[in-house]
Amino acid sequence: MSLKAVLFDFNGVIINDEPIHEKLIEEIILGENLRPDSEEFRQVCTGRGDRSCLRELLKRRGRVVTEDYLNQLISRKAAAYQRQLESIETLPIYPGVEDLMVQIQGAQIPMALVTGALRNEVEVVLNRAGLAHYFSLIVAGDDITTSKPEPDGYLLAVERLNQVYGNLNLKPGECLVIEDSLAGIEAAKRAGMPVVGVASTYPLHMLQRHANWTVDYLNQLELERVQQVYSGVSPQPVGEI
């Protein structure tokens, strides 16, 4: 077996924007005359798409909303997110992200992005940060009806990569997923994909119980060692544990 593709999560892996999302979700909950809860946001929303997050938060407060109304809330949040990004001079892209992408690209390994975030949000960030050209494709929240920890997004990425690269014959076990959330790690593992947990959202010791490998920072992830593990040449871990 060899490493044939690397699949990145977005929020918490490429951009440190979870505080922005929490603030915007809080504003929506307050706008519904309800009380937000930071710990509940962490439990319900981290690693999940806006639709799943808002539906669950409202349900816990006795609000069952129609899909049309939920779409309105999501659109309102998306517009507010765009305004927040426009007000930030330098996007909070995680250090070491592009260095890792350069290594992967140099090894001629395709990259895809799998996220519950909306496509337009992702594209704005990637284009502005100069990272869009690294990715062969994006599977965004618009493309799937489920949210992590369901594996659908990762499985769809494999299907689409095989369409883009006709001779790739990619299988889930030949992918490496990079995730920061417990929901995302579970989604990757349910898809049959080894996963590196990066400790940007949860403590390292918590991720160690769930991910195949864990690192504090992406610059600790050594691509050559990753490839050796996949090829069976080396039993060494791919990052600091």
Side-chain angles (χ1 to χ4, degrees), residues 5-28 41-42 45-54 71 73-105 109-144 147-148 153-154 156-157 160-161 164 175-181 183-185 187-188 195-202 215 217-219 221:
V6 178
L7 311 181
F8 285 77
D9 180 37
F10 181 65
N11 310 107
V13 170
I14 291 176
I15 183 170
N16 182 15
D17 63 352
E18 291 290 353
I20 296 174
H21 286 287
E22 181 174 357
K23 176 177 178 289
L24 297 179
I25 292 291
E26 179 180 298
E27 289 176 358
I28 287 177
F41 173 87
R42 186 181 182 88
C45 299
T46 302
R48 295 177 168 87
D50 289 340
R51 184 174 302 278
S52 174
C53 163
L54 284 169
N71 288 337
L73 295 180
I74 292 169
S75 295
R76 191 187 310 164
K77 176 181 175 288
Y81 180 79
Q82 298 277 13
R83 290 194 296 271
Q84 284 286 319
L85 291 187
E86 290 169 2
S87 70
I88 299 173
E89 184 175 348
T90 303
L91 293 179
I93 303 297
Y94 281 104
V97 168
E98 186 167 14
D99 291 340
L100 178 59
M101 292 177 183
V102 168
Q103 290 183 55
I104 297 169
Q105 187 181 64
I109 298 172
M111 286 172 274
L113 194 147
V114 180
T115 177
L118 299 178
R119 180 174 296 274
N120 63 343
E121 295 180 1
V122 174
E123 290 178 344
V124 165
V125 170
L126 294 182
N127 288 328
R128 186 170 159 188
L131 301 175
H133 67 281
Y134 290 107
F135 293 101
S136 302
L137 59 88
I138 296 169
V139 175
D142 319 60
D143 300 310
I144 51 178
S147 179
K148 299 172 185 178
Y154 282 115
L156 181 58
R160 290 186 174 177
L161 281 169
V164 173
C175 300
L176 177 70
V177 171
I178 301 176
E179 273 283 358
D180 71 299
S181 71
I185 291 170
V195 55
V196 171
V198 57
S200 54
T201 303
Y202 290 89
V215 294
Y217 308 100
L218 281 181
N219 60 11
L221 187 58

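For the single chain, residues carry numbers from 1 onward in sequence order.
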Ignoring hydrogens and angles, state whether a donor on the side chain of Glu179 or Tyr154 is under 3.5 Å from an acceptor on the partner side chain. yes
Distance-only, no hydrogens or angles: does the [X] side chain make a donor-acceptor pair with backbone N or O of [Y] under 3.5 Å?
| X | Y | answer |
| --- | --- | --- |
| Ser52 | Arg48 | no |
| Arg128 | Leu85 | yes |
| Ser200 | Gly12 | yes |
| Asn127 | Val124 | no |
| Arg160 | Leu137 | no |
| Thr201 | Ser181 | no |

As an exercise, state the distance from [atom1] of [X] to [atom2] of [Y], rounded to the nearest 0.5 Å.
| X | Y | atom1 | atom2 | result |
| --- | --- | --- | --- | --- |
| Ile14 | Leu126 | CD1 | CG | 6.0 Å |
| Asn11 | Thr46 | CG | OG1 | 10.0 Å |
| Glu26 | Ile28 | CD | CD1 | 11.0 Å |
| Leu131 | Met111 | CG | CE | 10.0 Å |

Locate the shortest heavy-atom distance separating [X] from [Y]; write the atom from each residue and the value.
| X | Y | result |
| --- | --- | --- |
| Ala117 | Asp142 | O-OD1, 4.1 Å |
| Asp17 | Tyr81 | OD2-OH, 2.7 Å |
| Glu123 | Ile138 | CG-CD1, 4.3 Å |
| Leu118 | Ala140 | C-CB, 4.2 Å |
| Val196 | Val215 | CG1-CG2, 4.0 Å |

With side chains defined as the heavy atoms from C-beta onward, is the minimum distance between Leu54 and Ile25 less than 4.5 Å? yes
side-chain contact (heavy atoms from CB on, under 4.5 Å) between Leu7 and Leu113, intermediate numbers included: CA-CA 6 Å; Leu7 311 181; Leu113 194 147; over 6 Å; no
Which of these, Glu121, Glu27, His21, sits in a side chain to side chain donor-acceptor pair (under 3.5 Å) with Lys77? His21
Using a strict 4.0 Å threshold on nitrogen-to-oxygen distance, state whether Arg42 and Glu22 make a salt bridge. no
Exceeds 12 heavy-atom contacts within 6.0 angstrom, atom OH of Tyr217: no
Full working for side-chain contact (heavy atoms from CB on, under 4.5 Å) between Val6 and Cys175: CA-CA 6 Å; Val6 178; Cys175 300; over 6 Å; no
